[in-house]
Amino acid sequence: MDLREDSVRLESLQATSRNMSSSSAFFSANQSPFFSPRSSTCQLSESTRSDAQCNSINFSADPPSSSSGIQVPECLADVGFSGFQKFDHVPSTTLVASGIRSSYDHMGDNGYNVPIAKHRKHMRNHDMSFSPVPISLSSNRRRSYDIYIGLHGCKPSLIRFTNWLRAELEVQGMTCFVSDRARFRNSRKHELWERAMDVSSSGVVVLTRKSLRNPYTIEELRFFSSKKNLVPIYFDLRPGDCLVRDIVEKRGELWEKHGGDLWVLYGGLEKEWKEAVNGLVRVDEWKLEAQDGNWRDCILQAVTVLAMKLGRRSVLERLTKWRDMVDKEEFPFPRNENFIGRKKELSELEFILFGDITGESERDYFELKARSKRKNLTVGWSKSSSAEERHRASGSRKGKEPVIWKESEKEIEMQSFERQHYQRPKGGQSSRRKRSKKTVYGKGVACVTGDSGIGKTELLLEFAYRFHQRYKMVLWIGGESQYIRQNYLNLRSFLEVDVGVGNSIDKSRINSFEEQEEAAISRVRKELMRNIPFLVVIDNLESEKDWWDQKLVMDLLPRFGGETHILISTRLPCVMNLEPLKLSYLSGVEAMSLMQGSIKDYPIADIDALRIIEEKVERLTLALAIVGSILSELPINPSRLLDTINRMPSRDILWSGREVHLLRKNTFLLQLFEVCFSIFDHADGPGSLATRMVLVSGWFAPAAIPISLLSFAAQKVPKKHNGTQFWRKLLHSLTCGFSSSYSKRSEVEASSMLLRFNLARSSTKEGYFHFNELIKVYARKRGVTGAANAMVQAVASRGSLSLHSEHVWAACFLLFGFGNNPKVVELRVSELLCLVKQVILPLAIWSFVTFSRCGAALELLRVCTDALEAADQAFLTPVEKWLDKSLCWKPIQTNAQLNPYLWEELALSRATVLETRAKLMLRGGQFDIGDDLIRKAIFIRTSICGEDHPDTIAARETLSKLTRLLANVETHTSS
C-alpha cells in the first residue's frame, strides 16, 4: 500500500473523490530504505517529493494488500500509520524522523514553522469546545477506529517506541490511527484527522518534554479528556512533572529549560492550555510511564489497559500466557551478579545496534572518530547479481551522504562507514591496500569475536539483561553449525508460528523438500521483520554456512536495519564482511578483582602469585573465575594454589583440529582443570561423580543439560577402584538397597560442587546447567573409556524428544557419524534395534512434520538404513568357533542361524525404516526413489511375515499410491 491509497481513504470520510495519480501524497518505493523487489518503483521529481513531504500522511484504513515498502520523507521516522491488519501481515508503511528542519519552510527557535500561524487563526476564530458529539459524516463513508495515537517529535527512541506500540496493538486485533499532525500544513488533512479522532474509541497521547508546546497535542488532550477516553503515556516525563505552576514558573531542572508560557509559542490561549494540562492530573486510572528501562512493561500495560476498555478478554488471556512463558524461558542463564568491567564494549554495542546511547551508558561511552569516506559494502552477493549491479554498488561516494540500504530477496547492499588500512610502499613497490573492514552503526546488527573463554557469552548476556526492556523478547540461539537451524526453528513457540510441513505456501501441488524448508524459515523470518522489536542473540556462531546444506546462515536472519536487532558472538575473525567487536582481556584491576573475590587483604607475595596465575592462564575470564572460586571455597592461599597447579602432572593428549588450538598451547589451564578434578576426587573418593559428570558432558549437545540425565550417564562411566572385582561386586550387593537415595544425594552434591567451582553454569531452566565449550573439548580429548557410550545409552533410555531433542541429535551423531565425521559409538544389535524404535524413527518424523526439516530427517533415516544393513551383513557372515573346527563334520553357521529371532527383528526394523523413508519421499514429490524403497520393504515383509500380514498389505497400498503418482508425472512430462 502506498500513500496515495492512504489519502484516498482519508478523504472518503469527507465524501470527496480525488485522483489516485495525485503526486502530493505519493513517494517512490524505489527510494525506500527497505523496498521489496515486488513493490512499485515509480519515480517522482524533486519538487513533487518536497511538496509531498509536507502534505501527506501515511495512514491506512483497510488491511494492506501487499507488504511492499514505500518511500518516506527524510524528515520523518518509523511511525507507522495503519489500520487493522491480520496477524500474519504487518504493513511496512512508516514515517521516519531525521533532519526534520528540511520539512519546514521556516523554523523558529522553538522548532515550529510559519504555517502554524494558520492554525493560530483557526483556533482563535473557532473557540473549540471539543464536544464529544461526532462531526456529521455520511454513514456509509464513516470509519471507526479502536485507538487514536497522537505524538509529536522525531526523536529516534520516540519513533521506535510508537512503532512498537502501534504494531503490538494491531497484532492483538485493535485498529489504530497514528498521527503527528505538526509535520503537515494541509488544512484539509487536519480537518480529516479531527474526524478520525472523533471516530476513535480511545485516544493515546504520547507526551514528551516538547509536547506541551505543540498546539495539536494540546488539542488532542482536551478532546479526549472531554470524551473521558484519554490514555496518556509519559515518554520522557513523569506524571508529577506535568503541573501547570511548575511549567509556567520554570521550576525544577526540567522546566527551567523547557518551561514557561508555552501557549505563547504557538499563539494559543492560556485557558485552553491550562485546561489540557490539568486534564492530565484528572486521569487517575491510566498513567503509563515509558522510561528508558521499562518500554516493554509500559507497552504491554498499555495494550492491557486498552483491551480492557474495549472489552477484549481474549487479548488479556493471551498476554497473561505470553508473560508466563517469557518469565521462564527468555534467558538461557540467570544474570551474573558479579559481572565485572566491559563498560566500553557495552556502550559500543548499544551504539552499533541503536545508533545512539542513552541513560547511564552515555557517561561510559567512548568517542568514535568521524570517518570522512563511506563506501558500499556488499553482504551476501547472490550468484544472480549482474555485473552492472556490482559495479554500481562498488562505486565510491564523496561527502557525508545519508546511509542508504537496499534489499532484495537474495542480496543486501548497504552503504556504511568503512575503515581503510594501508601499508606504506616499500622500495619500488606500490602501496597495497589491506582488506577493508566495515562497521555499520545504527542498523541493528553487531558481532563480538574473541577466543573461547574470554567472556563473549557473558558480555552478550549482560547486554541482553540491560536492554531487554527495549525489545519485546530476547531470542537466544545457539550458533553451533549442526544445531543452528533447529535452534532457529525452535523460535516458533515464542513467535507463535507453525513451521510444520502442512502449511506449505502452494497447496495446489506437492512442494519439494527444499521449498518446504524455505517456507518454514520464511515464516519465522517474517515474524521477525515486523515493527515489533526482538533481540536475536546468536551465541557461538561456528560458521557462516549451515552444516547440513552449506547455505548461508544469513538467509535465516531478518533484514538488517529493521526493528529486530541481531547480536552475534563467534570465534571467527569476520562474519558477513562486518567488522566485529574484538573482545580483549579484562584489565589488571578487573582480573585481580575476579580472582580475589571477597578476600581483599592478601599479602604482597600472594598478590604476585595471582599475577603469575593470570599470565599463565592467558587472562582467560573462565580460568580467572575458576581460580577465584577455588580460593573462596577452600582454605588455600594463592601461593600454595600456584604451587599445586605447577606440580599437577599434565596428561598426554593427542591434539587435533582447530577447536583445540587454545588448549594445546595453554597447558597451565589444563593443569587447573586437573586440580579441580583432584579436589572433587578428594571430597568423594577416586572417580567422583562430579568428575565423571564433567568428563561425560563433552559428548552432549551444546545446550542446557538436564542434571538427572547427565548424572545417569556419568554413573555408567567406569569408576576407579583399587579393590578387586570380587570386592566391588560384594560392595554393590551390600549397598543395592541404599543406592537410590545415595545416588540422588550424590547427584545433588556433585551438581552443587560443579556450580560452586565454576566448571558448570546454572541455567534458568530448573534442573539444568551448561558447560563452557573449552571444558567440553578437554573432556572429549581426555578420552575416558565408555563416556560416549554412556551418553548414548542415557539418552536412549531417559531422553525426551520434546525436552532434549538437541541431545538426541548428539547421540545420533555419535552413533552414525554423518558425512565425514567418524563413528564414535558401537552398539550391540539388540541395543541398536531398541534405539531405532524408541529414538531414531520418532526423531526423524518429529523433525520432518513439526519443523519441516526434511533434509536432516531423510539423512538420519538414510544413515540408519546403512547401519542396519551393515548389521544384517554381519549376521549373514559365517561364524567359526573353536569347537566347530575340531568337529569337521559340523557345518559352519551364521549369526542369523544361531539367533533367528534377533535376525528377524533386525530385518523388520530395516523394513520399517525403508517404508518410513518411502512415505516421506511421497511428501516431497520424489516418487521414483520412494518406489524403490517401498519395494525393498515389501520384499522383506513378504519373506518374513507373508503376503497376508497387515504390515505387508499396508506397504503394498503405499506402493500403489506411489506407482499411480509416478505414472501421472510421467504422463504429464511426456505430454
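One is the number of the first residue; the rest follow in order along the sequence.
Counting only heavy atoms from C-beta outward, the side chains of Leu300 and Trp322 approach each other to under 4.5 Å. Counting heavy atoms from C-beta on, the side chains of Val553 and Glu544 never come closer than 4.5 Å. Put simply, the side chain of Leu583 reaches to within 4.5 Å of the side chain of Arg342, judged on heavy atoms. Proximity of Glu831 to Leu835: side-chain heavy atoms (C-beta onward) are nowhere separated by under 4.5 Å. You'll find the side chain of Arg485 stays beyond 4.5 Å of the side chain of Phe851, heavy atoms only. Looking only at side-chain heavy atoms (C-beta outward), Cys812 and Leu843 come within less than 4.5 Å of each other. The shortest side-chain heavy-atom distance between Asp498 and Arg523 does not fall under the 4.5 Å cut-off. Considering only heavy atoms from C-beta on, Lys765 stays 4.5 Å or farther from Leu803 through its side chain.
Ring geometry for Phe673 versus Tyr778: interplanar angle of 30 to 60°, hence tilted. The aromatic rings of Phe769 and Phe771 sit perpendicular to each other, their planes meeting at more than 60°, with 30° as the lower class boundary. Between Phe467 and Phe463, the ring planes lie tilted relative to each other; the angle falls in the 30° to 60° range. Ring pair Phe818/Phe816 is perpendicular by interplanar angle, where above 60° counts as perpendicular and below 30° as parallel.
Put simply, the side chain of Glu806 never gets that close to the backbone of Pro702: no donor and acceptor are under 3.5 Å apart. Here the side chain of Ser543 pairs no donor or acceptor atom with the backbone of Ser481 at under 3.5 angstrom. Within the 3.5 Å criterion, the main-chain N or O of Lys545 finds no donor-acceptor partner in the side chain of Gln550. Using a distance-only test at 3.5 Å, with no hydrogens or angles considered, a donor-acceptor pair links the side chain of Lys776 to the main chain of Phe700. Looking at Glu517, its side chain does come within 3.5 Å of a backbone N or O of Gly855 through a donor-acceptor pair. His682 places no side-chain N or O within 3.5 Å of a backbone atom of Ser678 that could act as its donor or acceptor partner. Of the possible polar contacts, one joining the Thr865 side chain to the Leu861 backbone as a donor-acceptor pair under 3.5 Å is found. Panel note: side chain Ser797, backbone Ala794; a donor-acceptor pair is recorded below 3.5 Å. Of the possible polar contacts, one joining the Asp681 side chain to the Ser688 backbone as a donor-acceptor pair under 3.5 Å is found.
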Evaluate Glu915 against Lys919 for salt bridge (Lys or Arg N to Asp or Glu O under 4.0 Å), listing each step before the verdict. CA-CA 6 Å; Glu915 184 179 7; Lys919 290 180 178 179; 3.7 Å; yes
Could you walk me through whether Lys328 and Asp324 satisfy the salt bridge (Lys or Arg N to Asp or Glu O under 4.0 Å) test, starting with their C-alpha distance in whole Å, then the side-chain angles of each, then the deciding distance to 0.1 Å, before giving a yes or no? CA-CA 7 Å; Lys328 297 177 181 178; Asp324 294 339; over 6 Å; no
Criterion ring pair (Phe, Tyr, Trp, His ring centres under 6.0 Å) on Trp809 and Trp548, from CA distance to verdict: CA-CA 13 Å; Trp809 274 109; Trp548 291 95; 5.6 Å; yes
Applying side-chain contact (heavy atoms from CB on, under 4.5 Å) to Asn487 and Trp476, what does each step give before you reach the verdict? CA-CA 9 Å; Asn487 294 337; Trp476 198 281; over 6 Å; no
Take Leu528 and Leu475 through the side-chain contact (heavy atoms from CB on, under 4.5 Å) test and state the conclusion after the steps. CA-CA 10 Å; Leu528 296 176; Leu475 303 173; 3.7 Å; yes
Set out, in order, the CA-CA distance, both residues' side-chain angles and the distance that settles side-chain contact (heavy atoms from CB on, under 4.5 Å) for Lys456 and Thr449, then state yes or no. CA-CA 7 Å; Lys456 300 184 297 296; Thr449 183; 5.5 Å; no
Using side-chain contact (heavy atoms from CB on, under 4.5 Å), reason through Thr457 and Phe333 one step at a time and then give a plain yes or no. CA-CA 10 Å; Thr457 300; Phe333 314 102; 3.8 Å; yes
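For the atom pair Ile538 CD1 and Leu460 CG, the distance stands at 10.0 Å (nearest 0.5 Å). For the atom pair CE of Met693 and CD of Glu747, the computed distance is 6.5 Å after rounding to the nearest 0.5 Å. Leu541 contributes atom CG, which lies 6.0 Å from atom CD1 of Ile568 (distance to the nearest 0.5 angstrom). The distance from the CG atom of Leu759 to the CG atom of Leu774 is 11.5 Å, given to the nearest 0.5 Å. Distance check, rounded to the nearest 0.5 Å: CZ of Phe680 to OG1 of Thr691 gives 6.0 Å.
Residues passing the side-chain contact (heavy atoms from CB on, under 4.5 Å) test with Ala704, sequence neighbours excluded: Ser763, Tyr768, His770. For the salt bridge (charged side-chain N to carboxylate O under 4.0 Å, His left out) test, no residue two or more places apart in sequence or in another chain qualifies with Arg525. In this structure Ala446 satisfies the side-chain contact (heavy atoms from CB on, under 4.5 Å) test together with Leu349, Ile352, Leu353, Leu567, sequence neighbours excluded. Residues satisfying the side-chain contact (heavy atoms from CB on, under 4.5 Å) criterion with Asn336, sequence neighbours excluded, are Asn338, Phe339, Glu458, Arg761.
Taking a 6.0 Å sphere around CD of Glu766, one finds it holds 12 or fewer heavy atoms contributed by other residues, nucleotides or ligands.
The two residues Glu773 and Arg571 make their nearest non-hydrogen contact at CG-NH1, 4.4 Å. The two residues Cys864 and Val836 make their nearest non-hydrogen contact at SG-CG2, 3.7 Å. Shortest non-hydrogen contact noted between Ser909 and Leu833 is CB-CD2, 3.7 Å. Residues Leu868 and Arg910 share a closest heavy-atom pair of CD1-CA, 3.7 Å. Shortest non-hydrogen contact noted between Pro533 and Arg470 is CG-O, 3.7 Å. The shortest heavy-atom contact between Ala788 and Val824 is CB-CG1, 3.7 Å.
Residue pairs meeting the side-chain hydrogen bond (donor to acceptor under 3.5 Å, both in side chains) criterion with at least one member in residues 845-857, sequence neighbours excluded: Gln486-Arg853.
Side chain to side chain, Ser708 and Arg798 fail the donor-acceptor criterion of an N or O pair below 3.5 Å. Using a 3.5 Å distance cut-off with no hydrogens or angles, the side chains of Ser711 and Gln715 do pair a donor with an acceptor.
Glu674 and Arg782 are joined by a salt bridge, as a carboxylate oxygen and a charged side-chain nitrogen come within less than 4.0 angstrom of each other. A salt bridge is defined here as a Lys NZ or Arg NE, NH1 or NH2 lying under 4.0 Å from an Asp or Glu carboxylate O, and Glu496 with Arg318 fails to meet this definition.
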Show me the donor-acceptor pairs within less than 3.5 Å that the side chains of residues 625-632 make with the rest of the protein, sequence neighbours left out.
residue	atom	partner	partner atom	Å
Ser629	OG	Ala625	O	3.4
Ser629	OG	Ile626	O	2.6
Ser629	OG	Phe757	O	3.3
Ser632	OG	Gly628	O	2.8

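Screening His565, Glu527, Met473 for a side chain to side chain contact (heavy atoms under 4.5 Å, CB included) involving Phe534 leaves a single residue, Met473.
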